[in-house]
Amino acid sequence: MSSLPTYTLNDGTTLPAIGFGTYPLRDDDGTAAIESALTAGYRLLDSAVNYENEAEVGDALRRSGIPRDEVQIQTKIPGRHHGYDEALESIRTSLETLQLDRIDVHLIHWPNPSVDKYVEAWKALVTAQQEGLVTTIGVSNFTAAQLDRIIDATGVTPAVNQIELHPYFPQDEMRKVNAELGIQTEAWSPMGKRQAPFDEPPVADAARAHDVTPAQVILRWHHQLGSLPLPKSATPGRQRSNIDIFGFELSEAEMNAITGLGRPDGRLFGGDPNTHEEM
Ligand SMILES: NC(=O)c1ccc[n+]([C@@H]2O[C@H](COP(=O)([O-])OP(=O)(O)OC[C@H]3O[C@@H](n4cnc5c(N)ncnc54)[C@H](OP(=O)(O)O)[C@@H]3O)[C@@H](O)[C@H]2O)c1
């Protein structure tokens, strides 16, 4: 049985301190990679309707033989399903596709401000939680103003806000906003995807000093920031080393040097939640 450190969320549930990103794992190879991540010890799987792999995630869980209540499945409502009724339908369809009777964590994938229906989607998640379809509800890619708006409309604060966060884009401000509201920050593209700063001196030097890989340094940096990273790898060896980040500690100087890699244009593809639309 896996024993990872955990975070306790504002709804009283707990999440493991690191999860597994499943995009773009699909088909038989994808199912095998997700099952291998479970074997490596991951107990939180991050999916989305738009990844078109909820069936693979559900299959990998069943094939792994790990008891259902030891694994948390997280998925997301896409922009095209933001109306209240559409969002509830989206949640029910995700349950069917995953072949589960409950989703552990359900997020709004992007706010899509031009559509301006994310408050409705949030109300649908509140209903789904009350009906027991979903345990924990949250959002992804929400700004401070967008968070305020859904909290004002419902009185319910998201438990999670999953945002782009890596050394080139450390998101000091949004991490602070989330923390002040009692929202757990999750990190997407936690290593910076294909632009990972593995060779940058603060990362490479720390890797040498602690006898770990640059990826482990970056994922440990997340942990010490209080961010829950969701690294993706299709490679079993990398899956195992990426989760093995709890046996060393970065110094304050090492942490600051890595955060110092941040730059204003550090986003991977210009995914500004105020303008980016993803249906
Ligand atoms: N909410 C959102 O809007 C949003 C947006 C983007 C992503 N996400 C989530 O975040 C997850 C992770 O993001 P991501 O896949 O974009 O970025 P990432 O996890 O930072 O990087 C994944 C890439 O790094 C490689 N890699 C993994 N471990 C490595 C290691 N130890 N050494 C060298 N290379 C390594 C992987 O290659 P191999 O697979 O070949 O090992 C893959 O190409 C996604 O899967 C998804 O669940 C959410």
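Atoms within a ligand are numbered from 1 in the order they appear, just like the ligands themselves. Here the structure is a predicted model, which is why all the values come from computation and not from measurement.
- In summary, the atoms of ligand 1 found under 4.0 Å from a heavy atom of Asp46, numbered by their order in the structure, are 9 (C), 46 (C), 47 (O).
- In summary, the side chains of Thr13 and Thr136 do present a donor paired with an acceptor at a separation below 3.5 Å, with no hydrogens or angles considered.
- For atom 33 (C) of ligand 1, the closest non-hydrogen atom on the protein side is Phe198 CE1, 3.3 Å.
- For the pair Leu147 and Val177, the tightest heavy-atom approach, listed with the atom from each and the gap, is CD1-CG1, 4.0 Å.
- From the protein, the heavy atom lying nearest to atom 26 (N) of ligand 1 is Arg238 NH1, 3.8 Å.
- Of the options Leu25, Asp46, Thr75, Val57, a side-chain contact (heavy atoms from CB on, under 4.5 Å) to Tyr51 is made by Asp46 and by none of the others.
- A continuous path of ILVMFWY side-chain contacts below 4.5 Å connects Val212 to Leu219, so both sit in one hydrophobic cluster.
- Looking only at protein heavy atoms, the nearest one to atom 3 (O) of ligand 1 is Asn141 ND2, 3.0 Å.
- By the rule that hydrophobic residues join a cluster once side-chain heavy atoms approach within less than 4.5 Å of another member, Trp110 and Tyr118 end up as members of separate clusters.
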Side-chain polar contacts of residues 190-204 - donor-acceptor pairs under 3.5 angstrom, sequence neighbours left out - could you list them?
| from | atom 1 | to | atom 2 | distance (Å) |
| --- | --- | --- | --- | --- |
| Glu200 | OE2 | Tyr168 | OH | 2.5 |

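- Short contacts between ligand 1 and Thr235, defined as distances under 4.0 Å to a heavy atom of the residue, involve ligand atoms 38 (P), 40 (O), 41 (O).
- If you check which protein heavy atom lies closest to atom 10 (O) of ligand 1, you get Trp188 CB, 3.5 Å.
- The nearest heavy-atom contact from the protein to atom 12 (C) of ligand 1 is Leu230 O, 3.0 Å.
- The side-chain heavy atoms of Leu100 and Arg62, taken from C-beta on, include a pair separated by under 4.5 Å.
- By the 3.5 Å distance cut-off applied to N or O atoms, Ser233 is counted among the residues near ligand 1.
- Near Ser140, with a cut-off below 4.0 Å to any heavy atom, the atoms of ligand 1 are 1 (N), 2 (C).
- Both Ile137 and Ile183 are assigned to one and the same hydrophobic cluster, defined by single-linkage of ILVMFWY side chains at heavy-atom distances under 4.5 Å.
- The Ala234 neighbourhood of ligand 1 comprises atoms 38 (P), 39 (O), 41 (O), with distances under 4.0 Å to a heavy atom of that residue.
- Between Met191 and ligand 1, a contact under 3.5 Å exists for at least one N or O pair.
- Below 4.0 Å from some heavy atom of Pro231 lie the following atoms of ligand 1, by number and element: 19 (O).
- With rounding to the nearest 0.5 Å, the separation of CD1 in Ile163 from CE in Met174 is 5.5 Å.
- Members clustered with Val115: Met279, by chain and number, using a 4.5 Å side-chain heavy-atom cutoff among hydrophobic residues.
- Atom CG of Leu61 is separated from atom OG1 of Thr31 by 11.5 Å, given to the nearest 0.5 angstrom.
- Annotation for ligand 1: atoms under 4.0 Å from non-hydrogen atoms of Lys76 are 1 (N).
- Atom 28 (N) of ligand 1 has Asn242 ND2, 3.0 Å as its closest protein atom, hydrogens excluded (heavy atom only).
- Of the protein's heavy atoms, Lys232 O, 3.2 Å lies nearest to atom 27 (C) of ligand 1.
- Counting atoms of ligand 1 from 1 in the listed order, those under 4.0 Å from a heavy atom of Gly21 are 11 (C), 44 (C), 45 (O), 47 (O).
- Residues Glu54 and Ser94 bring a donor and an acceptor atom of their side chains to less than 3.5 Å of each other.
- Residue, atom and distance of the protein heavy atom nearest to atom 13 (O) of ligand 1 are Ser189 N, 3.1 Å.
- Residue His109 has at least one heavy-atom neighbour below 4.0 Å for each of these atoms of ligand 1: 1 (N), 2 (C), 3 (O).
- Residue contacts with ligand 1 leave out Phe20, since none of its heavy atoms falls under 4.0 Å from the ligand.
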